[in-house]
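Below is one structure, written out as structure tokens, with a few remarks after it.
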2 protein chains.
Amino acid sequence: MTRASSRRPGPPTRTERGIPEATVARLPVYLRALTALSDSGIATASSEDLATAAGVNSAKLRKDLSYLGSYGTRGVGYDVEYLRYQIAREIGVTQDWAVVIVGIGNLGHALANYSGFGTRGFRIVALLDADPKLVGERIGDMEVRDFAELEDIVERDRVSIGVITTPAGPAQEVCDRLVAAGVTSILNFAPVVLSVPDGVDIRKVDLSIELQILAYHEQRKSGEAALPQVPELPAMNGLTDLPSVGGVGA
Amino acid sequence: MTRASSRRPGPPTRTERGIPEATVARLPVYLRALTALSDSGIATASSEDLATAAGVNSAKLRKDLSYLGSYGTRGVGYDVEYLRYQIAREIGVTQDWAVVIVGIGNLGHALANYSGFGTRGFRIVALLDADPKLVGERIGDMEVRDFAELEDIVERDRVSIGVITTPAGPAQEVCDRLVAAGVTSILNFAPVVLSVPDGVDIRKVDLSIELQILAYHEQRKSGEAALPQVPELPAMNGLTDLPSVGGVGA
DNA sequence: TAGATTGTTAATCGATTAACAATC
DNA sequence: TAGATTGTTAATCGATTAACAATC
């Protein structure tokens, strides 16, 4: 398998902008699928092959790729290495993005240890926490630093992405500090809706919301007809009316 | 603030089905917002209040709520407790869903410790791992058990939700075992596309995909005009052509 | 009654999908 | 050339939004 070199296909001038959000969200999935194919020594793949590996249908995949340009060959398929590089470049992970993690509890700890931080393209430059008891603790080859150092670190390491793994309480304040320090992208694991000014992107990962979405569908599977999944072995909660739900009870 | 009791509003007969997916995904957000309002002692809220708390616009919120029924009062707003219970019931978190976590590495550990497992409505009944070195380890008030016990546990505790926090490698096999054991909803943290039979719901949480989506937008902020965020201090990577990206290099 | 706010309609927007002409 | 497969068009579907009649 030879490298794809820097040749470019036919008309390389595509809008380079205005890729639909739904497509943007799938590009990382395609990138991962291409990496897997590449690791298996597969040099060429059709849209059908790729779509299967990515878990989408081939029409959607071709439509998505068409926003990036014409990187396939009719009658043949896509050069795996070449397409992989094009997508990586489009996403921006041919660069190396500096990331700080704020809030080194269980989850922050887990993310700090996350090997390779998922995919290449990201580099954790600091683990921050405001708790003096945590500051100085070593995690892998890093040391937890004081949240007060945030501004210095963001400036010196050109940090553009912040990950918030604090509890809900301090999350908005942490967010404000990150934004004021110059961070323009935030990945929020705290269970709160954060508000940020225009120009700052925010994404949210929320375990309990994901579980609740699953529960909704699960409830409908059992069917109003069938028996509910209420645990009937313990069966000691005598609530008949308004169970405490969604946090602090009534 | 009095309990909403079991009164039901006007015509309680709505389709009870066919709530759009986008709406289902927002119901947990509304539930959390209502809980926050309730905790602040607020008894009534307008769609505008609620929408602000949930981070959406009020038209969308009203449209979403209209799929559940007519739980508001024109000219007044919504009774916070009452609406909270209705949404909790619609989602299914007035029940208690049994959950197993498979793969007790850093992330599984973190989730096991996650206080209250997010919101009420879910109960971790087992932490499972195939590694004999981990089996028997205590985490909080639970003990890691052998993955081989999966089938017994699922049957005895009527487990319908499984959380996969293994590495990518064993994830599909773990998934297959979960499904075979009777689990019908899966929350997957492993960076792979899992395939499941019809009738099994699967949701995916993927740190590296979230970061890549942020990177995409970040790249466009810097602008093709402005200087790229490439770290220029180390500046030792002499790659000019095809940097290794997305996993194992070329 | 006058003011406020819901629930719903209709218009708009964006995403998905199937089909196929272009072309390797 | 014949077969395969892309890139794109057009139809369909679902989600968002604004506006307002219904009604508390």
Side-chain angles (χ1 to χ4, degrees), chain A residues 7-27 29-30 34 37 42-80 82-83 86-87 90 213, chain B residues 7-27 29-30 34 37 42-80 82-83 86-87 90 213:
Chain A
R7 72 180 148 83
R8 293 181 311 167
T13 19
R14 250 215 115 254
T15 328
E16 286 293 342
R17 261 164 215 287
I19 298 184
E21 257 318 292
T23 297
V24 169
R26 283 187 294 265
L27 292 180
V29 180
Y30 301 154
L34 285 161
L37 291 172
I42 293 168
T44 303
S46 68
S47 62
E48 198 61 60
D49 298 335
L50 255 172
T52 302
V56 300
N57 72 44
S58 64
K60 189 187 278 181
L61 179 126
R62 286 199 302 279
K63 184 109 237 269
D64 284 341
L65 294 185
S66 77
Y67 292 112
L68 312 192
S70 296
Y71 295 138
T73 307
R74 289 169 201 243
V76 177
Y78 299 89
D79 180 293
V80 169
Y82 181 59
L83 182 58
Q86 293 302 335
I87 293 179
E90 190 70 35
I213 295 169
Chain B
R7 71 180 148 84
R8 293 180 310 169
T13 19
R14 249 217 115 253
T15 329
E16 284 293 342
R17 262 166 215 287
I19 297 184
E21 257 318 293
T23 297
V24 170
R26 282 187 295 264
L27 292 180
V29 180
Y30 301 154
L34 285 161
L37 290 172
I42 293 167
T44 304
S46 68
S47 62
E48 197 62 59
D49 298 336
L50 254 171
T52 301
V56 301
N57 72 44
S58 65
K60 189 187 280 180
L61 178 126
R62 285 199 304 278
K63 185 109 235 273
D64 284 341
L65 294 185
S66 77
Y67 293 112
L68 313 192
S70 295
Y71 295 138
T73 307
R74 290 172 202 240
V76 177
Y78 301 89
D79 179 294
V80 169
Y82 181 59
L83 182 58
Q86 294 302 337
I87 293 179
E90 189 70 37
I213 295 169

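Chain identifiers are assigned alphabetically (A, B, ...) following the order of the sequence lines, protein sequences preceding nucleic acid strands; residue numbering begins at 1 within each chain.
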Phosphate OP1/OP2 of [N]: any [X] side-chain N/O under 4.0 Å:
X: B:Ser47; N: C:dT6; answer: yes
X: B:Tyr71; N: C:dT5; answer: no
X: A:Tyr78; N: D:dA4; answer: no

With sequence neighbours excluded, what pairs up with [X] under the side-chain contact (heavy atoms from CB on, under 4.5 Å) test?
X: B:Ser47; value: B:Ser58, B:Leu61, B:Arg62, B:Tyr78
X: B:Val24; value: A:Ile213, A:Tyr216, A:His217, B:Ile19, B:Glu21
X: B:Lys63; value: B:Tyr67

Rounded to whole Å, how long is the line connecting atom CG of B:Leu50 with atom C1' of C:dT5?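 For the pair B:Leu50 CG and C:dT5 C1', the rounded distance is 13 Å.
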
May I have the distance from A:Asp49 (atom CG) to D:dT5 (atom C1'), rounded to whole angstrom?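 Between C1' of D:dT5 and CG of A:Asp49: 11 Å.
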
Starting at CG of A:Leu83, measure out to OG1 of A:Thr44 and round the result to the nearest 0.5 Å.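 Atom-to-atom, A:Leu83:CG and A:Thr44:OG1 are 11.0 Å apart.
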
What distance separates A:Asn57 CG from A:Thr52 OG1, expressed to the nearest 0.5 Å?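 One finds 10.0 Å between CG of A:Asn57 and OG1 of A:Thr52.
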
Examine the side chains of B:Asp49 and B:Ser46 and answer whether a donor and an acceptor come within less than 3.5 Å of each other.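 Yes, a side-chain donor-acceptor pair sits under 3.5 Å.
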
Under 4.5 Å between any side-chain heavy atoms of B:Ile87 and B:Tyr71, yes or no?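 Not in contact.
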
So what's the dot-bracket for DNA chain C: Watson-Crick or G-U pairs under 3.5 Å, [ ] if a pair crosses, | if it pairs off-strand? ..||||||||||||||||||||||

Which letter, B, S or -, goes with each nucleotide of nucleotides 15-24 of chain C from 5' to 3', with contact meaning a protein heavy atom under 4.0 Å? SSBBB-BBBB

Qualifying residues under salt bridge (charged side-chain N to carboxylate O under 4.0 Å, His left out), relative to B:Arg26, sequence neighbours excluded: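 B:Arg26 satisfies salt bridge (charged side-chain N to carboxylate O under 4.0 Å, His left out) with B:Asp64 only.
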
